[in-house]
Structures are given as structure tokens and as C-alpha cells.
Amino acid sequence: QVHLVESGGGLVQAGDSLRLSCAASGLTFSHYAMGWFRQAPGKEREFVAAISWRSSNTYYADSVKGRFAISRDNAKNTVDLQMSSLKPEDTAVYYCAAGAVTIVAPKMVDYWGQGTQVTVSS
């Protein structure tokens, strides 16, 4: 059974940084593209960042480009999201995701984590 477990969420102030981590188990991690999505109250789940299985390619939503950085460690089965210059509009539940292909849309995701809350106060 596949498990994706996020950690690192919390309450921060605008301009702060936060690092999310996702630990994966139950799958051959190095064979999967990984990504992060987020969902704010009353809004649809949206793509944030993705990374290919060998870390050779990364993708970002325009809203986070230059502020967020995704990375992975295939030896540890983890994928991280370093978030900087956080804004109140970044407030959402952040979900770790895995897919057989590069995941830049929810429909491309094979597995989801349970989510971790990030709240950015102004």
C-alpha cells in the first residue's frame, strides 16, 4: 500500500519561509514523478510544483515561480518543497503527490498524501 506523509506545515507570517517534506513508502520511489498541489478553502486543488523521477526537470506554477523550490532524495524516498517569501494567498492545504508521468494537473496523479496546512498571516 502506498503512503505519502507530509510534514512541516504551520502558521507563519508573510515574508517567512517554510519547508514541507513528504515521505513515501509502498512504491518504487525513483520510478515516480513527484509533485505538490494545494487547495484553499472554496477553491479547486491546484498544481504548485513537480519534479521528474531523476530530478532532471522541475516545473512550477506561475504564482510560485522564483519563490518555491522542489527537490527530491531518491535514496531517502523523500520530496521537499522549500517555500520562501510566503504570501497570505499561499494559505492552503498542501498535498504531496506521485504519478507515473510528470504531474502538473490533479488528473495526472496516481497517489495523494493526506495534506498539511500552511497558513500565512499578513
Side-chain angles (χ1 to χ4, degrees):
Q1 190 173 3
V2 175
H3 291 284
L4 303 176
V5 180
E6 302 95 337
S7 61
L11 172 64
V12 296
Q13 293 187 332
D16 284 352
S17 298
L18 200 61
R19 189 176 185 90
L20 304 182
S21 293
C22 172
S25 61
L27 76 170
T28 306
F29 184 75
S30 61
H31 290 184
Y32 280 82
M34 299 298 296
W36 289 91
F37 290 74
R38 67 186 182 187
Q39 188 166 18
K43 295 187 177 181
E44 294 186 352
R45 193 168 298 189
E46 65 175 6
F47 167 72
V48 175
I51 188 167
S52 60
W53 57 287
R54 281 187 175 178
S55 304
S56 53
N57 294 297
T58 56
Y59 307 85
Y60 297 95
D62 287 343
S63 58
V64 306
K65 203 171 292 183
R67 300 188 298 122
F68 291 12
I70 188 171
S71 60
R72 66 187 293 164
D73 186 333
N74 286 348
K76 296 181 178 179
N77 287 7
T78 58
V79 57
D80 291 349
L81 184 68
Q82 178 66 47
M83 305 184 293
S84 303
S85 302
L86 282 162
K87 305 175 181 180
E89 50 263 45
D90 294 319
T91 295
V93 177
Y94 283 71
Y95 296 90
C96 178
V101 296
T102 301
I103 43 177
V104 294
K107 64 181 179 180
M108 304 170 77
V109 174
D110 293 326
Y111 304 105
W112 293 100
Q114 84 287 351
T116 185
Q117 177 70 45
V118 173
T119 304
V120 184
S121 64
S122 58

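Residues: numbered from 1 along the sequence shown. Predicted, not measured: the structure shown is a model, and the values here were computed from it.
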Asn57 CG to Ile51 CD1 distance, which is reported to the nearest 0.5 Å: 9.0 Å
- prompt: Ion pair present between Arg19 and Asp80, side-chain N to carboxylate O less than 4.0 angstrom?
  reply: yes
query: Do other residues, nucleotides or ligands put more than 12 heavy atoms under 6.0 Å from the NZ atom of Lys43?
result: no
query: What pair of heavy atoms forms the shortest contact from Ala100 to Tyr32, and how long is it?
result: N-CD2, 4.0 Å
- request: Starting at CZ of Phe47, measure out to CE of Met108 and round the result to the nearest 0.5 Å.
  value: 9.5 Å
field: Intermediate values then yes/no, side-chain contact (heavy atoms from CB on, under 4.5 Å), Cys22 and Trp36
entry: CA-CA 9 Å; Cys22 172; Trp36 289 91; 3.7 Å; yes
field: Joint hydrophobic cluster, Tyr59 plus Val101, side-chain heavy atoms closer than 4.5 Å
entry: yes
message: Between Val93 and Thr116, is there a side-chain heavy-atom distance shorter than 4.5 Å?
response: no
query: Transitively linked via ILVMFWY side-chain contacts under 4.5 Å: Val118 with Leu81?
result: yes
Heavy-atom pair of closest approach, residues Ala97 and Ile103: O-CD1, 3.4 Å
message: Return the CG to OG distance between Asp73 and Ser21, rounded to the nearest 0.5 Å.
response: 10.5 Å
- prompt: Taking atom CG of Leu27 and atom CG of Asn77, what is their separation to the nearest 0.5 Å?
  reply: 7.0 Å
message: Strictly by ring-ring contact (aromatic ring centres under 6.0 Å, His included), give each pair with a member in residues 60-95 just once, sequence neighbours left out.
response: none
message: Measuring only between side-chain heavy atoms, which start at C-beta, is Gln82 closer than 4.5 Å to Ser17?
response: yes
message: Under a plain distance cut-off of 3.5 Å, with no hydrogens placed, do Gln117 and Thr119 share a side-chain donor-acceptor pair?
response: yes
- prompt: So do Ser63 and Arg38 actually touch side chain to side chain, heavy atoms under 4.5 Å?
  reply: yes
field: Cluster overlap Met83 with Leu11, hydrophobic side-chain contacts below 4.5 Å
entry: no
field: SG on Cys96 to CE on Met34, rounded to 0.5 Å
entry: 3.5 Å
query: From Glu46 CD over to Gln39 CD, what is the distance, rounded to the nearest 0.5 angstrom?
result: 9.5 Å
query: Should Phe29 and Trp53 be regarded as members of a common hydrophobic cluster, given that ILVMFWY residues are connected when their side-chain heavy atoms come within less than 4.5 Å of each other, either directly or indirectly?
result: no
- request: Please confirm whether Arg45 makes a cation-pi placement over Trp112, using NZ or CZ under 6.0 Å from the six-membered ring centre and within 45° of the ring normal.
  value: yes
field: Polar side-chain atom of Arg67 near backbone of Ser85 as donor-acceptor pair, under 3.5 Å
entry: yes
field: Ser52 side chain to Ala33 backbone, donor-acceptor under 3.5 Å
entry: no
message: Do Val109 and Leu4 sit in one hydrophobic cluster, given that two such residues count as connected whenever their side-chain heavy atoms are within less than 4.5 Å of each other, even indirectly?
response: no
query: Salt bridge check: are Lys87 and Asp90 linked by an N-O gap of less than 4.0 Å?
result: no
task: Heavy atoms only: give me the nearest Ser122-Pro88 pair and the separation to one decimal.
output: CB-CG, 3.8 Å
- prompt: So which heavy atom on Gly9 is nearest to which on Leu20, and how close?
  reply: N-CD2, 3.6 Å
